[in-house]
Undergrad: 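Pasting in a structure now, in structure tokens, and then I'll have a few things to ask.
What you see is a predicted model, and the numbers here were worked out from it, not measured in a lab.
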Amino acid sequence: KDFKSNVKNFTIFFKENNSELVAVGAKANGYSANFKIDDIVAKQQQQQLIKETTLTINNLMFQDAELPKEMNWNSAMNYCENLNLAGFSDWRLPTIKELRIAYQHKSEFRNMQNDW
């Protein structure tokens with residue numbers, strides 16, 4: 001917190017990780033901050049998982065991963081309540097308005113089941 005509020009110009013240190021440069025620290029005017037590379041890599045992996053398994057439209061996040069089976073309403077409610085996907089566990093079924101938004105963007109979904 002002090003580092004960010006007290007430093008305008010600073011040097012960022014990078015380390016190569018799997019052929020990518022990852023910021024591992026910063027220093028200026030007697031202040032320094034180190035970043036844990038494991039935390040950075042974990043965040044990058046989570047962002048990649050989010051990108052691969054979800055679709056965001058109008059600030060709404062939809063699951064865009066293959067569903068295990070066709071479900072009725074009660075099964076779908078239970079599925080959402082127990083879903084832990086891409087680091088999120090607060091999933092719910094969309095409202096009718098949100099379903100309309102998803103339908104309007106159906107071509108953007110990678111795993112849309114047309115026959116369900």
Side-chain angles (χ1 to χ4, degrees):
K1 204 172 189 182
D2 289 336
F3 182 83
K4 187 176 180 182
S5 62
N6 290 301
V7 177
K8 301 282 185 232
N9 297 312
F10 52 91
T11 303
I12 298 177
F13 298 96
F14 293 90
K15 180 176 180 180
E16 188 172 346
N17 183 43
N18 295 330
S19 300
E20 290 185 13
L21 288 178
V22 178
V24 293
K27 184 184 271 190
N29 300 338
Y31 291 97
S32 65
N34 293 318
F35 315 127
K36 292 183 180 177
I37 193 163
D38 292 341
D39 293 343
I40 294 167
V41 170
K43 185 170 183 142
Q44 288 174 337
Q45 289 172 339
Q46 182 184 15
Q47 289 171 341
Q48 184 63 30
L49 184 60
I50 290 169
K51 191 177 191 180
E52 292 172 357
T53 59
T54 67
L55 177 65
T56 301
I57 305 167
N58 299 343
N59 292 323
L60 296 170
M61 183 183 286
F62 295 93
Q63 177 182 347
D64 192 12
E66 193 170 326
L67 294 173
K69 62 182 179 178
E70 186 174 348
M71 296 177 231
N72 63 27
W73 184 263
N74 288 330
S75 296
M77 290 283 289
N78 188 45
Y79 174 80
C80 290
E81 287 175 6
N82 294 301
L83 182 62
N84 191 337
L85 178 70
F88 299 97
S89 59
D90 59 347
W91 294 95
R92 62 173 176 77
L93 285 179
T95 65
I96 192 69
K97 183 178 178 182
E98 293 165 346
L99 281 174
R100 285 186 185 115
I101 291 168
Y103 184 77
Q104 291 168 348
H105 295 267
K106 65 183 176 185
S107 64
E108 297 175 42
F109 284 88
R110 295 176 300 278
N111 291 291
M112 180 68 75
Q113 298 289 332
N114 292 326
D115 58 338
W116 287 10

Undergrad: At what distance, to the nearest 0.5 angstrom, does CD1 of I50 lie from CG of D64?
TA: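 CG of D64 is found 13.5 Å from CD1 of I50.
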Undergrad: Not counting sequence neighbours, which residues clear side chain to side chain contact (heavy atoms under 4.5 Å, CB included) with L93? List them please.
TA: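 So L93 forms a side chain to side chain contact (heavy atoms under 4.5 Å, CB included) with W73, A76, M77, C80.
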Undergrad: Please collect all salt bridge (Lys or Arg N to Asp or Glu O under 4.0 Å) contacts where either partner lies in residues 72-96, sequence neighbours excluded, each pair once.
TA: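 Applying salt bridge (Lys or Arg N to Asp or Glu O under 4.0 Å) to every pair that reaches into residues 72-96, excluding sequence neighbours, yields R92-E98.
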Undergrad: Provide the full list of ring pair (Phe, Tyr, Trp, His ring centres under 6.0 Å) pairs with a residue in residues 50-71, sequence neighbours left out, each pair given once.
TA: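 Pairs touching residues 50-71 that pass the test: F62-F109.
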Undergrad: List, by chain and then residue number, the residues other than I96 in its hydrophobic cluster (Ile/Leu/Val/Met/Phe/Trp/Tyr, side-chain heavy atoms under 4.5 Å); write none if there are no others.
TA: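 ILVMFWY cluster around I96 also holds L99.
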Undergrad: With heavy-atom distances below 4.5 Å as the criterion, would you say the side chains of Y103 and R100 are in contact?
TA: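 Of all side-chain heavy-atom pairs linking R100 with Y103, none is under 4.5 Å.
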Undergrad: Determine yes or no for a side-chain-to-main-chain donor-acceptor pair under 3.5 angstrom, with N84 supplying the side chain and S89 the backbone.
TA: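 Side chain of N84 to backbone of S89, a donor-acceptor pair under 3.5 Å: no, none is there.
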Undergrad: Going by distance alone, is a donor N or O of one side chain under 3.5 Å from an acceptor N or O of the other, for N78 and N74?
TA: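 There is no such pair (donor and acceptor under 3.5 Å, judged by atom type) between the side chains of N78 and N74.
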Undergrad: Taking side chain to side chain donor-acceptor pair (under 3.5 Å) as the cut-off, I'd like each qualifying pair that reaches into residues 49-63, sequence neighbours left out, listed once.
TA: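 Of all non-adjacent pairs touching residues 49-63, those that pass side chain to side chain donor-acceptor pair (under 3.5 Å) are Q48-E52, Q63-Y79.
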Undergrad: Looking at E108 and L55, would you say the former's side chain and the latter's main chain have a donor-acceptor pair under 3.5 Å?
TA: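 Judged by distance alone, no pair lies under 3.5 Å.
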